[in-house]
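To find a chain, count down the sequence lines: A is the first, B the second, and so on, and within it residues start at 1. Below, each value reflects all heavy atoms present in this structure, side chains not excepted, and no hydrogens, waters or symmetry copies.
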Number of protein chains: 2
Amino acid sequence: MSSGGLTIGDAAARAGLPVKTVRYYDEAGLVRPGRGANGYRVYGETEVHKLAFLRRARGLGFSIEACRALLSLYEDHGRASADVRRLALDRVAQIDDKLAELQELRQVLVELVDACQGDTRPDCPILDRLSGEEVP
Amino acid sequence: MSSGGLTIGDAAARAGLPVKTVRYYDEAGLVRPGRGANGYRVYGETEVHKLAFLRRARGLGFSIEACRALLSLYEDHGRASADVRRLALDRVAQIDDKLAELQELRQVLVELVDACQGDTRPDCPILDRLSGEEVP
DNA sequence: CTTGACCTTCCCGTTACGGGAAGCCCCACC
DNA sequence: GGTGGGGCTTCCCGTAACGGGAAGGTCAAG
């Protein structure tokens, strides 16, 4: 009777992750498989679920450390949903910071692009700006 | 009479960059200073201008490779402004991709956060989603 | 018995630097 | 003439989250 143990390749396939990533998560202590007599990693259903959980969390941009926290809340059936919510809100705040930064950069770049003729002549407000000329 | 050569510390200060960064730009072949008899890097006005140029270009999020291209256009007085403009447009496109990605993630996260009570109870739509439950 | 597809560990590369060690160099001060 | 404290040099490690690839063990099929 098979114990349901999967090799890393099968586990990775079921979780939808590259084998390298699964190995990395092991090394990082996120999902620790057992080991067979031959030294192979052995993944059970629980581990496969955790791997898939990690795939989705990473897909939302949570860092490995945030994933570690999420995973431990996932396994803690006595958790407070507030703790999970806080992690998600932190991630939203991170995203908002990045969005603001990128929007600002985009604004500046678009203005420069619009000011540039973009023809065969060398005159270029973009380079002028990068070389520090005042553009009042 | 001083030849106007600056040590890396002074050049970095004038360009508004950390010394480590200036050294990195040397190693990367972006701004190559001369060398004094004692082996010290020697920066002239031209090099300092290039360093400041790089600071501004990096500030707009151009990669080192894009900076290399910008710098070579900056020095090529026979350039076509269209080439500069194209680099800037590429950067805008990059930013737009990132913005779209982040806005999508933000959307999903906010929906999950809104659906979560965030109290002391363990029930959490966020974890449900991460663990793969259907949420129709 | 031998493929060939797995698996293992280990090491390097990615981006754009920052931190820190070990060892010269130089200027000021006593 | 020392000596101290900067500043300079190179070199190596660490960052985040893996990917690529080498060298070698294992296993089921033919």
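Atoms CG (B/Leu6) and P (D/dG7) sit 15 Å apart, rounded to a whole Å. If you take CD of A/Glu27 and C1' of D/dA17, they are 11 Å apart, rounded to a whole angstrom. At whole-Å resolution of the value, CZ in A/Arg55 and C1' in D/dC18 are 17 Å apart. Separating the CG atom of A/Asp26 from the C1' atom of D/dA17 is a distance of 15 Å, rounded to the nearest angstrom. For the pair A/Lys20 NZ and D/dA22 C1', the computed distance is 10 Å after rounding to whole Å.
Of the N and O atoms on the side chains of B/Ser81 and A/Asp119, at least one donor lies less than 3.5 Å from an acceptor on the other residue.
Side chains of A/Arg32 and A/Arg41 form no contact here, defined as non-hydrogen atoms less than 4.5 Å apart.
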Starting from the C-alpha separation in whole Å, work towards a yes-or-no answer on side-chain hydrogen bond (donor to acceptor under 3.5 Å, both in side chains) for B/Arg106 and B/Gln103.
CA-CA 5 Å; B/Arg106 196 198 124 92; B/Gln103 275 154 358; over 6 Å; no
Evaluation steps, side chain to side chain contact (heavy atoms under 4.5 Å, CB included), between B/Leu99 and A/Leu99:
CA-CA 6 Å; B/Leu99 282 174; A/Leu99 282 174; 3.5 Å; yes
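Remark on DNA chain D: of its neighbouring residues A/Ala37 and A/Pro18, the 5'-side contact belongs to A/Pro18, judged by nearest-heavy-atom nucleotide.
Taken to the nearest 0.5 Å, the CG atom of B/Leu105 stands 10.5 Å off from the CD atom of B/Gln107. Within the model, atoms CZ of B/Arg129 and CG of B/Leu109 stand 9.0 Å from one another, a figure rounded to the nearest 0.5 Å. If you take CD1 on B/Ile126 and CG on A/Leu87, they are separated by 8.5 Å, rounding to the nearest 0.5 Å. Taken from CZ in A/Phe62 to CZ in A/Arg68, the straight-line distance is 15.5 Å, to the nearest 0.5 Å. Between the NZ atom in B/Lys50 and the OH atom in B/Tyr74 there is a gap of 9.0 Å [rounded to 0.5 Å].
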Set out, line by line, the N/O atom pairs under 3.5 Å between protein and nucleotides 6-8 of chain C.
{"unit_1": "C/dC7", "atom_1": "OP1", "unit_2": "A/Thr7", "atom_2": "OG1", "d": "3.1"}
{"unit_1": "C/dC7", "atom_1": "OP1", "unit_2": "A/Gly9", "atom_2": "N", "d": "2.6"}
{"unit_1": "C/dT8", "atom_1": "OP1", "unit_2": "A/Arg41", "atom_2": "N", "d": "2.9"}
{"unit_1": "C/dT8", "atom_1": "OP1", "unit_2": "A/Arg41", "atom_2": "NH1", "d": "2.9"}
{"unit_1": "C/dT8", "atom_1": "OP2", "unit_2": "A/Arg23", "atom_2": "NE", "d": "3.3"}
{"unit_1": "C/dT8", "atom_1": "OP2", "unit_2": "A/Arg23", "atom_2": "NH2", "d": "3.0"}
{"unit_1": "C/dT8", "atom_1": "OP2", "unit_2": "A/Arg41", "atom_2": "NH1", "d": "3.3"}

Taking only nitrogen or oxygen atoms into account, show me every contact under 3.5 Å that the protein makes with nucleotides 12-16 of chain C, one pair per line with its distance.
{"unit_1": "C/dA16", "atom_1": "OP1", "unit_2": "B/Ile64", "atom_2": "N", "d": "3.4"}

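Residue B/Arg58 places its CZ atom among more than 12 non-hydrogen atoms of other residues, nucleotides or ligands, all under 6.0 Å distant.
For the segment residues 97-107 of chain A, the set of residues with a heavy atom within less than 4.0 Å of an atom of DNA chain C is empty.
A salt bridge links A/Asp26 and A/Arg35; the closest N-O separation between the charged side-chain nitrogens and carboxylate oxygens is under 4.0 Å.
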